[in-house]
J.: 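Here it is, the structure, as structure tokens.
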Amino acid sequence: MPELPEVETICNAFKKSVTNPVIKEFKIINPKLRWKINNKIPSILKGKRINNISRRAKYIIMDFDDGSIILHLGMTGILRKTSTFPEIFKHDHFMLKLEDDATYIYNDVRKFGSLHWVYDKSKHFLIKNLGVEPLSRLFSKKYLYEKLKNKKTQVKNLIMNQNIVVGIGNIYASEALYDSKIRPNRISSTITISECENLVKSIKKVLSRSIKFGGTSIKDYKTLDGKSGYFKQKLMVYGLEKCQCGEVLIIVKISGRSSFYCAKCQK
DNA sequence: CTGAGATCCTGTCTGC
DNA sequence: TGCAGACAGGATCTCA
């Protein structure tokens, strides 16, 4: 479900809403996720203080004195803030209650999300091989070109590869490629240095614009208070039938996932 | 090592 | 209505 802008939006809202960061109770409702939730987490977290909440790639990370919680929302993960005596719904997986009774519940229909407790997050298998943040200076034309130039995979696959650059999923891959006038099925090694420069610029532009509008809500995505994001209205190709130029958009499957492009605007 | 397809899971929509 | 099949914002695993 959520790509970088959605996770960023949720993470910021979560961080902002925490007033007393000490954990009163952590309760597992249904441990079955992408990986089973460790049943020691409730006792590990009880009484601990959250020092920081941040985003890395599509993960939300809570830091404590002696370790971290790593949360991934998968395709359908939703974090909701709720009342002191919350109603539990179908597909709820865990509840986090803070000292001031602020309560957060994680719901995930498809169970592709995950929750891990780690003592050293930098060494954790989910984190250690992640690529650069797309909105950082590390993500440059030079960096991407080095990654692209010898690869045979289609360029959309490459920019969605979290070991190269993080946070880009199926929507923003199509959007960024449209913005940079590159077809998603181009072989990576055929991308020129100037196209690469445009692609880097487009990725940064599309992601930061979406963050500004609170992310893209197509189906499941909601931020903490149940509200949708507004970037859907700004999409140029994903889920649409026609390009701005009037041409009918083409849908191709790339590694099994729908990819939208305009044959007239993208080369 | 690289790259592509299968896979985990549930809900929704389309076509017969 | 019923039912099969396709599809959904992710990413790991498996195999050629």
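Note on naming: letters A, B, ... go to the chains in the order of the sequence lines (proteins, then strands), and numbering restarts at 1 for each one.
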J.: Rounded to whole angstrom units, what separation is found between the CG atom of A:Leu130 and the P atom of C:dG10?
T.: 14 Å
J.: To the nearest Å, how far apart are A:Met160 CE and C:dT12 C1'?
T.: 14 Å
J.: Between C:dA8, B:dG3, C:dT12, which nucleotide has the shortest distance from any of its atoms to the side chain of A:Ser258?
T.: C:dA8
J.: Could you tell me whether the side chain of A:Arg257 has a donor or acceptor atom within less than 3.5 Å of a complementary atom in the base of C:dA8?
T.: no
J.: Whole Å only: how far is the CG atom of A:Asn129 from the P atom of C:dA11?
T.: 14 Å
J.: Donor-acceptor pair, A:Lys81 side chain versus A:Phe14 backbone, under 3.5 Å?
T.: no
J.: Could you check which of B:dC8, C:dA8, C:dA11 has an atom nearest any side-chain atom of A:Arg110?
T.: C:dA8
J.: Is A:His91 near enough to B:dG11 that one of its side-chain N or O atoms lies under 4.0 angstrom from OP1 or OP2?
T.: yes
J.: Where the side chain of A:Lys152 is defined as all heavy atoms beyond and including C-beta, which of C:dT12, B:dG11, B:dG3 is the nearest nucleotide?
T.: B:dG3
J.: Identify, between A:Tyr59 and A:Tyr238, the residue whose nearest nucleotide on DNA chain C lies closer to the 5' end.
T.: A:Tyr238
J.: Counting side-chain heavy atoms from C-beta on, which of C:dG10, B:dC9, C:dA8 comes nearest to A:Lys253?
T.: C:dA8
J.: When all nucleic acid strands are considered with a 4.0 Å heavy-atom cut-off, which category describes A:Gly169: base, sugar-phosphate, or nothing?
T.: sugar-phosphate
J.: Name the residue closer to the 5' end of DNA chain B, choosing between A:Lys90 and A:Asn157 according to the nucleotide with the nearest heavy atom.
T.: A:Asn157
J.: Closest to the A:Glu3 side chain: C:dG10, B:dC9, B:dA4?
T.: C:dG10
J.: Expressed in angstrom and rounded to an integer, what is the separation of A:Lys147 atom NZ from B:dG3 atom C1'?
T.: 16 Å
J.: Can you confirm whether or not the ring centre of A:Trp117 sits under 6.0 Å from the ring centre of A:Phe26?
T.: no
J.: If you measure from the P atom in B:dG5 to the same atom in C:dA6, how many Å do you get, rounded?
T.: 16 Å
J.: What integer distance in Å separates A:Ile254:CD1 from C:dA8:P?
T.: 13 Å
J.: Under 4.0 Å between a side-chain nitrogen and a carboxylate oxygen: does that hold for A:Lys24 and A:Asp101?
T.: yes
J.: Output the distance between atom CD1 (A:Ile60) and atom CG (A:Asn12), rounded to the nearest 0.5 Å.
T.: 9.5 Å
J.: Can you tell me the distance, in whole Å, between the CZ atom of A:Arg34 and the P atom of C:dG10?
T.: 14 Å
J.: Ignoring backbone atoms, establish whether A:Thr76 has a side-chain N or O less than 4.0 Å from OP1 or OP2 of B:dG11.
T.: no
J.: Think A:His72 has a side-chain N or O under 4.0 angstrom from the OP1 or OP2 of C:dA11?
T.: yes
J.: Under a 3.5 Å limit for both distances, which nucleotide forms a Watson-Crick or G-U wobble pair with B:dG15, could you say?
T.: C:dC3
J.: Are the charged groups of A:Asp92 and A:Arg80 less than 4.0 angstrom apart, N to O?
T.: yes
J.: Of the nucleotides B:dG3, B:dT10, B:dC9, which one has an atom closest to the side chain of A:Lys151?
T.: B:dG3
J.: When the P atoms of C:dG5 and B:dA6 are considered, how many whole Å apart are they?
T.: 16 Å
J.: Could you tell me whether A:Thr216 contacts a base, only the sugar-phosphate backbone, or nothing, with contacts defined as non-hydrogen atoms closer than 4.0 Å?
T.: base
J.: A:Asn163 CG to C:dA11 P: how many Å, rounded?
T.: 10 Å
J.: Write down the distance between NZ (A:Lys36) and P (C:dT12), rounded to a whole number of angstrom.
T.: 21 Å
J.: When the P atoms of C:dT12 and B:dG11 are considered, how many whole Å apart are they?
T.: 25 Å
J.: What is the minimum heavy-atom distance between A:Arg49 and A:Phe64, and which atoms define it?
T.: O-CD2, 3.2 Å
